Amino acid sequence: MAKNLLIVESPAKAKTIEKILGEDFEVKSCYGHIRDLEKGDMGIDVNNKYLPRYIVPEDKEKVVKELKGIAKKSGEVWLATDEDREGEAISWHLCEVLGLDPAITKRIVFHEITKPAIQNAVQRPRTVDMNLVNAQQARRILDRIVGFELSPVLWRKMSMKNNLSAGRVQSVAVRIIAEREREINAFLATSNFRIEATFTANDLNGKPVNFKAEGKKQADAEGAEKFLQSCVNATYKVSDVQVKPGKKTPAAPFTTSTLQQEASRKLGYSVSRTMILAQKLYESGKITYMRTDSVSLSETATDAVKAQVSAQYGDKYVQVRKFKNKNESAQEAHEAIRPTYMENNSSDDADTRKLYELIWKRTMASQMADAELEKTTARISISTNKDELTASGEVLKFDGFLKVYMEDKDEEELTEDDNQEGVLPPLKSGQELPLKEMKATERFSRPLPRYTEASLVKKLEELGIGRPSTYAPTISTILKRGYVEKRDKEGVKRDYRVLKLTGTKVTLVTEQENTGAEKSKLFPTDLGLVVTDFLKQHFDDIMDYNFTARIEQEFDEVAQGKLLWNKMIDDFYLPFKKDVENTIENAERIKGERELGVDPVSGKKVVARMGRYGPMVQIGDVNDEEKPKFAKLKNTQSIETISYEEAMELFKLPRTIGQFEDQDVVVNIGRFGPYLAHDKKFYSLSKEFDPYTITFDEAQPIIVEKRDAKEKSTIKIFEKEKIQLLRGPYGPYIKQGLRNFKIPKDKLETAADLTIEEVQKIIEEAKANPPKKSYRKKKTGS
DNA sequence: CAGTGAGCGAGCTTCCGCTTGACTT
């Protein structure tokens, strides 16, 4: 008898399931979606109930053909795509493409790839749920409409030539970044004074140790000084000691989002790096599926974790827990991310080892006992005033899950109390304490930190925007479009005051701290800010943080059969289409103009705004008789924050900084960044040089060095044919115009002897046999 | 390779969500 064909989404899954099901089934994968909306004219017939036009994309033709062939030879076809909206749609598309009747084709689902789960699923096949499929179609169509109607509005209203785009997910992601930036720009720091006293007392061994106690915060320096003065010659006594038990509980096993966050905090990985490494671990069978929003573990898994905890740390450390998802938008088609074999606590592969160990530890900790603490709070009275000081300490009584793992906190969740409370020496009520020193330190309030890739993912997940499979691509999109930049920011020095009481004297010193430094954070560009403002002004419903949540409710109603999907789309589309038409007709072009002042020389207006080639400053108006002057903003500057003085500074280029070999040396910023021009040749300036301040003495060696290096790397030049033989970091190669060509291996040694005929033959052959076509879209040459 | 800066119009771009590979400079 012919084998049955079972189709799943992921090829790694297919292999595992085939082993479980044995002889009767051939298990194949369809590699995700196999059909999509046609690209021309949106792929939707908006005048006919939004009828979608589906095609098999080029890169899926091979898979579809193979599946068709196998299906023909097979017995029954079983559909085992993921149990969520997208998975249900994939099953339906498979029916359509393979010529199966969705009303009778067997559809099975499981949340975990374990023998009992899969055998159980095979016992209870159902059919494709068309309501759920329709909910997916509504999702797909709405996203296509938003993306393909909104993006062209930007193309028309922006003078920039980038491939601008807008969408339900990406535009809101940019908005989150933009709004945080403006909060930071508008932030005014306030300060207060933190009172901290250092006392000495004997520890358990009778050895004197120092410990700290805090007083009430003082609003200003006067208050702080008054308080310290009031403590002169005081005696200090413990008035009360309280001991309270406390506990800490482990975090839930990893989802995609929490894995990305922890890998970012603990290992410093970008979101995409985490996903690439996790994919490797998954494909080699070391972890379960890495794109999931579920925190639950299979019973088989909890048993294995329990056994491992017990074997490694003893039964005292075991505590089996079931975690529930806090996130309403979760679809839970898979398990949480966990090791497939708990007995492997590490991975052989150096690349993935750290991430694997992180997953292993998190999974272990999730099934371990609470950590037990003892928190001590001692109140200390001051003889000379009515105020009180408080000393607190924490002692770990039982480490529990902390033996293995502790989740890190995000910057914005950190409080002063996280300055880890130390251990207090034993204190008794009535005990007198000798004061070593008392300090009042000025502390400034801080704005919320800028987002990291991972904290943006966290925020998106909270808003229910995006899915595990799209978090990393969404970040790539907004970076690629130039709406957002990832970079470091240097801090600025700031003075703060410290008042000290030592003996009977209060003294004031000023110290310095670095503030506002950030590493690898997301900054909005002027383009991102301007586009966000525009979209918010004209499409506030789509830019609303709750838009996705609202339509998700409607998708749910469609999935439950309570709402027709094309009715839902119609209710959305009609008003939306009006907004689009209205905006195209009436909205002004997007400029983001800001007036900075008046140029003292010409008396003309100085403005900062978006130009065709990015943010710039401008003196004068295009309608003036004289042409306006233009200058590009520096990378770190922004239309919103640039000052008049900084703007005027930008007009100081180009600068002639001296003469070398009887030719002018000129510094300027061009299409490809800062450069030196000398003798009709150009030399790019590296980041360490500032074109506004570079001196002739710094510039001259750059010219000489680069000229020499170029000479050395040139093997031969065929002037007439405009072909060069050059030496690069990978050996000799041929350059014709902007294209490079490899030299055949057997001629590498004697590259210098190549004749023009030989070179032309190599080029022709390379052009005749272009490198194999990749699935990726053509690169945008920037 | 090192200019430009407004707007027109050829012809193109663009979305989100499922999946992996086949690319190298």
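Below, chains carry the letters A, B, ... as their sequence lines are ordered, and counting in each starts from 1. Keep in mind the model is a prediction, meaning the values are calculated, not measured.
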Side-chain N or O of A:S10 closer than 4.0 Å to phosphate OP1/OP2 of B:dT20: yes

Validation row: A:T81, A:E88 side chains within 4.5 angstrom (heavy atoms): no

Phosphate OP1/OP2 of B:dC18: any A:S469 side-chain N/O under 4.0 Å: yes

Closest to side chain of A:R609, choosing from B:dA6, B:dC15, B:dT19: B:dA6

A:R467 with A:D293: basic N within carboxylate O range, under 4.0 Å: yes

Side-chain N,O (A:K39) to OP1/OP2 (B:dC15) below 4.0 Å: no

Euclidean distance, atom CG of residue A:L94 to atom C1' of B:dC18 [Å, nearest integer]: 11 Å

Sugar-phosphate only, base, or nothing, as touched by A:R467 at under 4.0 Å among non-hydrogen atoms: sugar-phosphate

Sugar-phosphate only, base, or nothing, as touched by A:R139 at under 4.0 Å among non-hydrogen atoms: base

Nearest-angstrom distance, P atom, B:dG3 to B:dG7: 24 Å

Residue pair A:P691 / A:F689: nearest heavy atoms and the distance that separates them: CD-O, 3.6 Å

Derivation of the side chain to side chain donor-acceptor pair (under 3.5 Å) call for A:Q553 and A:D556: CA-CA 5 Å; A:Q553 275 179 8; A:D556 284 347; over 6 Å; no

Any A:R35 side-chain nitrogen or oxygen under 4.0 Å from OP1 or OP2 of B:dC18: no

Atom pair distance, as rounded to whole Å: CE in A:M290 and P in B:dC18: 12 Å

Closest listed nucleotide, where the reference is the side chain of A:K60 and the choices are B:dT19, B:dG5, B:dT14: B:dT19

A:Y289 vs B:dT19: side-chain N/O to OP1/OP2 distance below 4.0 Å: yes

Between C1' of B:dT14 and CZ of A:R140, the distance in whole Å: 11 Å

Given DNA chain B, 5'-ward residue of the pair A:V169 and A:Q279, judged by closest heavy atom: A:V169

NZ/A:K157: more than 12 non-hydrogen atoms of other groups inside 6.0 Å: yes

A:R612 side-chain N/O to B:dC8 phosphate OP1/OP2 under 4.0 Å: no

Atom pair distance, as rounded to whole Å: CG in A:L37 and C1' in B:dC15: 10 Å

Presence of A:N163 side-chain N/O under 4.0 Å of B:dT14 phosphate oxygens OP1/OP2: yes

Touch class at under 4.0 angstrom, heavy-atom based, for A:S165 against every strand present: sugar-phosphate

Nucleotide B:dT13, atom P - distance to NZ of A:K157 in whole Å: 22 Å

Interatomic distance where CD1 belongs to A:I478 and P belongs to B:dC15 [whole Å]: 12 Å

Any A:R481 side-chain N or O less than 4.0 Å from OP1/OP2 of B:dC15: yes

Sugar-phosphate only, base, or nothing, as touched by A:Q170 at under 4.0 Å among non-hydrogen atoms: sugar-phosphate

Stems where DNA chain B pairs, listed by first number, each of three or more Watson-Crick or G-U pairs under 3.5 Å: none

Touch class at under 4.0 angstrom, heavy-atom based, for A:R589 against every strand present: sugar-phosphate

Sugar-phosphate only, base, or nothing, as touched by A:T81 at under 4.0 Å among non-hydrogen atoms: nothing

Rounded distance (Å) that lies between atom P of B:dG5 and atom CD1 of A:I619: 16 Å

Partners passing salt bridge (Lys or Arg N to Asp or Glu O under 4.0 Å) against A:K706 (at least two apart in sequence or in another chain): none

Sugar-phosphate, base or nothing in reach of A:G466, heavy atoms under 4.0 Å: sugar-phosphate

Nucleotide nearest A:F682 when distance is taken to its side chain, options B:dT19, B:dG5, B:dA2: B:dA2

Sugar-phosphate, base or nothing in reach of A:G167, heavy atoms under 4.0 Å: sugar-phosphate

Selected nucleotide, minimal atom distance to A:D143 side chain, candidates B:dT19, B:dG21, B:dC16: B:dC16

Side-chain N,O (A:T470) to OP1/OP2 (B:dC16) below 4.0 Å: no

side-chain N/O A:Y675 vs B:dG3 OP1/OP2, d < 4.0 Å: yes

Sugar-phosphate only, base, or nothing, as touched by A:A166 at under 4.0 Å among non-hydrogen atoms: sugar-phosphate

Nearest-Å distance for atom pair CH2/P, residues A:W92 and B:dG17: 19 Å

